[in-house]
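I have placed the structure first, in the form of structure tokens, so that the comments after it can refer back to it.
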Protein chains: 2
Amino acid sequence: MANMKQIAELAGVSLGTVSHVLNDTARVREPLRKRVLEAVRTTGYQPSQLARGLRRDKTNILAMIIPDILNPFFPGVVRGAEDVAFSNGYRLVLCNTDNDHGKEVMHLNALRTYLPSGLIVIPSDFSDLTAQTESYRRAGSAVVCIDRLPRNWDGDSVTINNADGAASATSYLIGLGHRHLAVITGPLHLTNSQDRLKGFKRAARQAGLEVPPNYLQETTFDRAGGYAKARILLKMIPRPTAILACNDMIALGALLAIREAGLHCPEDISLIGFDGLDLTETTTPQLSSVYQSSYQLGATAAQLALDRVEKKNTPVRHIILKTELRIRDSVAAPPSNVEVVAAATPKKLRKVAS
Amino acid sequence: MANMKQIAELAGVSLGTVSHVLNDTARVREPLRKRVLEAVRTTGYQPSQLARGLRRDKTNILAMIIPDILNPFFPGVVRGAEDVAFSNGYRLVLCNTDNDHGKEVMHLNALRTYLPSGLIVIPSDFSDLTAQTESYRRAGSAVVCIDRLPRNWDGDSVTINNADGAASATSYLIGLGHRHLAVITGPLHLTNSQDRLKGFKRAARQAGLEVPPNYLQETTFDRAGGYAKARILLKMIPRPTAILACNDMIALGALLAIREAGLHCPEDISLIGFDGLDLTETTTPQLSSVYQSSYQLGATAAQLALDRVEKKNTPVRHIILKTELRIRDSVAAPPSNVEVVAAATPKKLRKVAS
DNA sequence: AATCCGATTTGAAAGCTTTCACTTCGACGC
DNA sequence: GCGTCGAAGTGAAAGCTTTCAAATCGGATT
């Protein structure tokens with residue numbers, strides 16, 4: 001592969017001029033410019049991104065740290081970021097942390113010396129990342145946190161309106177007549193989980209509804225978690241007539257638990273998830289969910305990062321995306337005789353509970 | 001951030017010695033080594049990956065080009081590759097092509113000058129990639145094609161046994177008594193689609209079964225494609241009693257079409273997908289599928305690439321992974337009176353078919 | 001004590017680009 | 001015709017590491 005020096009010779013100009021033509025960093029007279037471009041074309045020359053990065057102190061790389069691409073929520077985020085990166089001439093480096101703070105720090109450390117222009121992070125937990133990200137900032141990288149925020153975060157961020165989303169779903173259920181509302185939240189050390197729970201509580205409070213403590217179950221953001229906690233909820237007396245699952249994977253697990261308990265959704269119990277993944281359309285019944293655009297989350301973050309690369313000293317931005325309640329088949333009015341049923345079939349309930 | 005020169009001064013040794021200690025490229029006496037390591041520790045020094053890559057003519061980057069991370073099959077592949085990359089000190093750059101050859105070539109061109117050690121490609125189509133990948137090889141990068149192969153591919157590859165997988169599913173259906181077997185294939189310009197179709201035909205032939213040409217429908221690897229083609233199939237006389245969908249997304253679409261047609265799976269019609277995605281477990285009925293490990297596909301490819309980085313001149317390897325037929329609820333013996341039903345409702349069928 | 005030898009260590013070059021101070025060139029005004 | 005000025009172009013330095021030929025060191029050999 002040719003290098004710049006050879007292009008310069010071929011075009012009969014100096015090294016500097018080639019660079020100026022390629023980067024449009026100075027005015028170059030047309031004949032020279034043409035000769036340079038021609039030499040580039042014939043040789044198929046491409047500038048070394050490494051030398052370039054070394055000299056400019058940054059590369060056209062965007063780094064992205066997420067929990068796990070296998071979780072169906074994250075591919076959208078990644079794709080959104082990659083699209084924006086690609087159309088701006090950047091490449092995306094992808095790192096999975098498995099929500100392991102140690103692994104997160106390892107990635108953070110290892111990535112740094114590639115001098116990425118931007119770094120997009122979905123924090124593994126509520127650990128303070130200031131120390132690690134500060135070194136990126138010093139090196140001139142733009143850091144954006146998304147989806148959830150680490151402790152003390154004061155940089156750019158993109159999140160969604162978790163509280164309102166959860167509140168809207170909750171209010172909807174209440175509007176349907178539900179009074180026995182349960183919620184299965186994600187890990188409460190994550191800010192998004194916290195906010196969803198807040199929204200749930202707010203909506204309940206506004207409706208004058210008391211939520212017994214054991215109607216609130218915390219678990220991991222996956223199917224197994226949802227399954228386990230839903231089983232517990234379904235054994236309670238009175239049994240909740242509706243469950244808000246704080247993400248779709250939890251909802252999926254809950255749906256399975258409901259089916260296994262011999263109950264029907266939505267006749268016996270209503271269920272609303274969170275995220276609005278594609279797979280909510282292929283379940284039976286189709287799952288209602290608080291939709292959020294994972295794609296836009298990623299795309300916005302990438303744009304934010306790229307913006308900051310351009311203009312270092314713009315004020316910090318904190319973008320909050322909207323959610324949208326998508327009602328499908330998994331919700332209905334509560335069975336009219338819930339209390340009676342619970343009282344009338346103590347044996348069955350007791351049996352299941354044992 | 002400190003650089004090597006400062007470490008050398010701090011440790012009272014030469015630049016070369018620091019490099020040797022860090023890379024273990026020469027024997028260094030213990031006292032010196034200790035001083036170097038100590039200096040590294042106190043300063044928190046990290047070598048510049050850019051300068052390093054520039055000098056060594058390769059970086060610890062693994063590039064991966066896939067169709068679309070939003071397609072549920074690919075996250076597994078990516079995760080497999082990233083895990084292997086990470087545990088070997090490499091980072092993964094992810095590129096989506098949307099099965100667009102032009103975009104694929106753009107990525108290929110742009111990535112080159114980052115000097116990745118390895119390049120893993122799921123080709124967008126059957127276009128010849130030799131020209132593009134050859135330049136990677138010349139630059140010392142290991143190139144591995146996976147999942148499907150481009151025209152004239154003679155380098156390392158990892159694929160699955162598509163033909164056997166499809167054949168096993170087909171044979172299973174035949175064993176259940178099905179005689180009216182239809183298949184919805186993916187795009188036949190993809191080698192994996194071709195091979196799955198071959199397997200289907202082979203199994204049918206071995207059972208002495210004739211498959212009418214219109215029982216073979218080609219479409220894209222997504223839900224919309226499966227839905228559209230299944231609708232067509234369901235209107236045929238005689239209606240097929242079983243459909244082999246050549247991936248799970250197609251199967252999902254087919255399932256929807258079946259339901260919309262007022263039919264029941266598996267009572268009226270059996271359905272087997274391909275890939276064995278997680279979401280096959282959450283449909284109703286649970287979808288039978290030819291499972292393949294996307295994770296292992298990616299992990300193996302990364303390992304292959306890394307191996308070749310170590311030892312340039314090992315013979316080309318072509319690894320073929322096994323599939324596993326996973327039977328769930330979407331298959332059953334054919335209804336006993338198919339012909340009768342089809343004959344008894346000619347009017348309806350004619351109308352739909354027009 | 002002089003040599004020699006293997007083991008260490010060193011210093012400089014090379015890898016490729018951007019950037020910046022400086023030169024050159026042509027035109028313009030006087 | 002000469003000085004001046006802006007625009008265009010140049011060349012060298014800087015950015016950081018690896019690598020290799022060469023230098024050095026310590027001890028063993030004769």
Side-chain angles (χ1 to χ4, degrees), chain A residues 1-37 39-40 43-61 89 110 112-115 117 138-141 309, chain B residues 1-37 39-40 43-61 89 110 112-115 117 138-141 309:
Chain A
M1 174 62 74
N3 64 16
M4 219 163 185
K5 196 170 164 196
Q6 295 169 41
I7 300 295
E9 282 167 10
L10 234 142
V13 299
S14 77
L15 227 49
T17 302
V18 177
S19 178
H20 287 315
V21 169
L22 260 34
N23 298 304
D24 203 25
T25 44
R27 184 163 270 167
V28 176
R29 262 180 309 166
E30 203 48 29
L32 292 212
R33 152 187 238 83
K34 274 241 175 80
R35 295 212 309 264
V36 170
L37 259 23
V40 167
T43 56
Y45 165 75
Q46 295 180 288
S48 157
Q49 294 293 336
L50 299 181
R52 187 153 200 264
L54 179 59
R55 182 58 234 233
R56 297 193 324 154
D57 250 349
K58 73 174 158 198
T59 58
N60 282 16
I61 288 178
R112 188 160 23 227
T113 60
Y114 285 101
L115 302 185
S117 285
R138 267 201 310 275
S141 303
V309 170
Chain B
M1 172 62 75
N3 63 17
M4 219 162 184
K5 195 169 164 196
Q6 295 169 39
I7 299 297
E9 282 167 9
L10 235 142
V13 299
S14 77
L15 229 48
T17 302
V18 176
S19 178
H20 288 314
V21 169
L22 260 34
N23 298 303
D24 204 25
T25 45
R27 182 162 272 167
V28 175
R29 262 180 310 166
E30 202 49 29
L32 292 212
R33 149 185 241 86
K34 272 241 174 82
R35 294 211 310 264
V36 170
L37 259 23
V40 168
T43 57
Y45 164 76
Q46 294 181 287
S48 157
Q49 294 293 336
L50 299 181
R52 185 151 201 266
L54 179 60
R55 182 60 234 232
R56 298 193 322 154
D57 251 349
K58 73 174 161 200
T59 57
N60 282 16
I61 288 178
R112 187 159 24 226
T113 60
Y114 285 101
L115 302 185
S117 286
R138 268 201 308 277
S141 302
V309 170

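The chains referred to below are lettered A, B, ... by the order of the sequence lines, with proteins before strands, and numbering in each begins at 1. Since this is a predicted model, take the numbers as computed values, not measurements.
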How does protein reach along nucleotides 21-26 of chain D, written 5' to 3' as B (base within reach of a heavy atom under 4.0 Å), S (only sugar-phosphate), or - (no contact)? ------

Going by heavy atoms in the side chains, are B:Y45 and B:M4 under 4.5 Å from each other? yes

What is the nucleic acid contact for A:S19, judged by heavy atoms within less than 4.0 Å: base, sugar-phosphate only, or nothing? base

DNA chain C: first to last nucleotide in contact with chain A (atom under 4.0 angstrom from a heavy atom), 5' to 3', is C:dC16 to C:dC20

Interatomic distance, A:T113 atom OG1 to B:Q46 atom CD [nearest 0.5 angstrom]: 5.5 Å

For a quick check of understanding: with a heavy-atom distance under 4.0 Å over all strands, which category does A:N23 fall into, base, sugar-phosphate or nothing? sugar-phosphate

Between B:A26 and A:P47, which has a closest nucleotide on DNA chain C that is more 5'? B:A26

For residues B:V18 and B:R33, determine if any side-chain heavy atom of one lies less than 4.5 Å from a side-chain heavy atom of the other. no

B:E9 side, atom CD; B:I7 side, atom CD1 - distance, nearest 0.5 Å: 10.0 Å

Short side-chain to backbone donor-acceptor contact, A:S117 and A:V309, under 3.5 Å: no

When we call it a touch if two heavy atoms are under 4.0 Å apart, what does B:V18 touch: a base, just sugar-phosphate, or nothing? nothing

Counting N and O atoms only, with roles assigned by atom type, does the side chain of A:T59 sit under 3.5 Å from a partner on the main chain of A:G53, one being a donor and the other an acceptor? no

If you look at every strand shown and take non-hydrogen atoms under 4.0 Å, does B:L32 touch a base, only sugar-phosphate, or nothing? sugar-phosphate

Between A:T43 and A:A2 (side chain of the first, backbone of the second, donor and acceptor by atom type, cut-off under 3.5 Å), is there such a pair? no

First of B:T17 and B:R52 reached from the 5' end of DNA chain C, by closest nucleotide: B:T17

Between B:R56 and B:N23, does a side chain to side chain donor-acceptor pair (under 3.5 Å) hold up when you go through it step by step? CA-CA 12 Å; B:R56 298 193 322 154; B:N23 298 303; over 6 Å; no

